[in-house]
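Here the structure is laid out as structure tokens; the discussion comes afterwards.
Note that the structure is a prediction, hence the values are computed from the model and not measured. Atoms considered below: every heavy atom in the structure, side chains included; atoms not considered: hydrogens, waters and symmetry mates.
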Amino acid sequence: MNTTMNKTRLNKKFYNRELLTVAIELLGNILVKKDGNKILAGRIVEVEAYNGDTDSAAHTFTGKTKRNEVMFNEGGLLYVYFTYGAHHCCNVVTGIEGKGTAVLIRAVEPSEGIDTMIQNRFKRELFNAKEIFNLTSGPGKVCSAFSIIKNHSGIDLTGNKIYLVKSKLKKHEKIGVSKRIGITRSVDLPWRFFIEDNPYLSRK
DNA sequence: CCACGGATTGGCT
DNA sequence: GCCAATCCGTGGA
């Protein structure tokens with residue numbers, strides 16, 4: 001049987017805590033999407049935190065709009081946005097209701113439903129073994145592989161469609177910290193967190 | 001109504 | 001390493 005059913009999910013209590021704590025503790029847990037019988041799953045290996053209260057790089061910094069309103073809700077919801085005319089990115093809403101805080105999932109290590117992910121992303125077979133490291137190593141790639149689009153924005157992550165399953169970091173794994181990638185404001189905040197030396201990171 | 005540019009990616013040089 | 005693709009959310013007129 002698969003490895004992701006009948007395991008403990010992250011609950012509301014987990015999500016409704018301070019942003020950076022949740023961002024760091026999300027590392028190692030498993031993102032799961034269920035489409036009928038089909039399960040897609042991957043361990044979160046890279047995230048970034050965004051805080052609309054203090055952080056001018058956050059979508060929510062300039063206030064509530066139709067696009068970002070999900071981010072102002074209580075923790076435990078999925079926030080999906082569309083960018084560069086091409087890509088979706090998914091976030092875990094967290095922190096305090098009304099602040100507009102969320103954690104961007106930047107990369108996962110695929111663990112289940114990998115054939116489906118390959119089809120979703122490349123519409124073909126892999127050319128070579130190394131290409132697996134290009135499957136979910138970036139926020140747009142994760143959404144492509146999991147077929148997560150903005151219609152999924154607002155989904156409750158404690159529900160049955162898209163959810164997170166508890167999983168601990170391995171003993172040898174260490175958490176790395178860096179500045180966030182691809183932004184033009186608040187560029188110096190050290191709010192990117194990742195599992196050091198994991199081969200599925202968006203950057204080495 | 002219109003113009004701008006982005007929490008990215010992949011293809012080409 | 002550089003840059004175009006591509007579209008829609010956002011903000012100003």
Rounding to an integer number of Å, can you tell me how far Phe82(A) CZ sits from dG9(C) P? 9 Å
Between Tyr81(A) and His59(A), what is the ring plane arrangement, given parallel below 30°, perpendicular above 60°, and tilted in between? perpendicular
Which part of the nucleic acid, if any, lies within reach of Arg180(A) when heavy atoms closer than 4.0 Å are counted: base, sugar-phosphate only, or nothing? nothing
Heavy atoms only, 4.0 Å cut-off, all strands: where does Leu104(A) land among base, sugar-phosphate and nothing? base
Base, sugar-phosphate, or nothing for Thr62(A), non-hydrogen atoms under 4.0 angstrom? sugar-phosphate
Whole-Å gap separating P (dG9(C)) and CE (Met71(A)): 16 Å
Could you check how far CZ of Phe61(A) sits from P of dT10(C), rounded to whole Å? 15 Å
Does Thr83(A) put a side-chain nitrogen or oxygen below 4.0 Å from OP1 or OP2 of dC8(C)? no
Would the distance check show the side chain of Asp156(A) and the main-chain N or O of Thr158(A) forming a donor-acceptor pair, the cut-off being under 3.5 Å? yes
What nucleic acid atoms does Tyr50(A) come within less than 4.0 Å of, heavy atoms only: base, sugar-phosphate, or nothing? base
Can you see if the side chain of Lys150(A) gets near the phosphate of dC8(C) - specifically, an N or O under 4.0 Å from OP1 or OP2? no
Using a heavy-atom cut-off of 4.0 Å to chain A, what are the terminal contacting nucleotides of DNA chain B, in 5' to 3' order? dG6(B) to dG10(B)
Name the nucleic acid region contacted by Arg121(A), choosing base, sugar-phosphate or nothing; use a 4.0 angstrom heavy-atom cut-off, strictly under. sugar-phosphate
Would you check if the side chain of Asn51(A) reaches a backbone N or O of Ala58(A) as a donor-acceptor pair within less than 3.5 Å? no
Would you kindly give the OH-to-C1' distance between Tyr84(A) and dC3(C), to the nearest whole Å? 12 Å
Please report the distance, rounded to the nearest Å, between CZ in Arg67(A) and P in dG11(C). 10 Å
Pairs counted only when both distances fall under 3.5 Å, Watson-Crick or G-U: show me the 5' to 3' dot-bracket for DNA chain B, [ ] for pseudoknotted crossings and | for other-strand partners. ||||||.|||||.
From NZ of Lys66(A) across to P of dG11(C) the rounded distance in Å is 15 Å
Keeping Thr136(A) on the side-chain end and Ala107(A) on the backbone end, is there a donor-acceptor pair under 3.5 Å? no
In whole Å, what is the span from the NZ atom of Lys64(A) to the C1' atom of dG9(C)? 17 Å
Distance from Lys179(A) atom NZ to Leu189(A) atom CG, nearest 0.5 Å? 10.0 Å
Pairwise distance CD(Glu48(A)) to CZ(Arg106(A)) - rounded to 0.5 angstrom: 4.5 Å
Between Asn134(A) and Gly182(A), the residue closer to the 5' end of DNA chain B by nearest nucleotide is Gly182(A)
Write down the distance separating the P atoms in dA7(B) and dG1(C), rounded off to the nearest Å. 23 Å
Please check this pair: side chain of Asn73(A) against backbone of Val70(A), looking for a donor-acceptor N/O pair closer than 3.5 Å. yes
For the backbone of Val22(A) and the side chain of Arg17(A), can you confirm whether one donor and one acceptor N or O come within less than 3.5 Å of each other? no
Would you say Ser137(A)'s side chain and Phe133(A)'s backbone share a donor-acceptor pair under 3.5 angstrom? yes
So, for Phe61(A) and Thr54(A), which heavy atoms are closest and what is the spacing to 0.1 Å? CE1-C, 4.0 Å
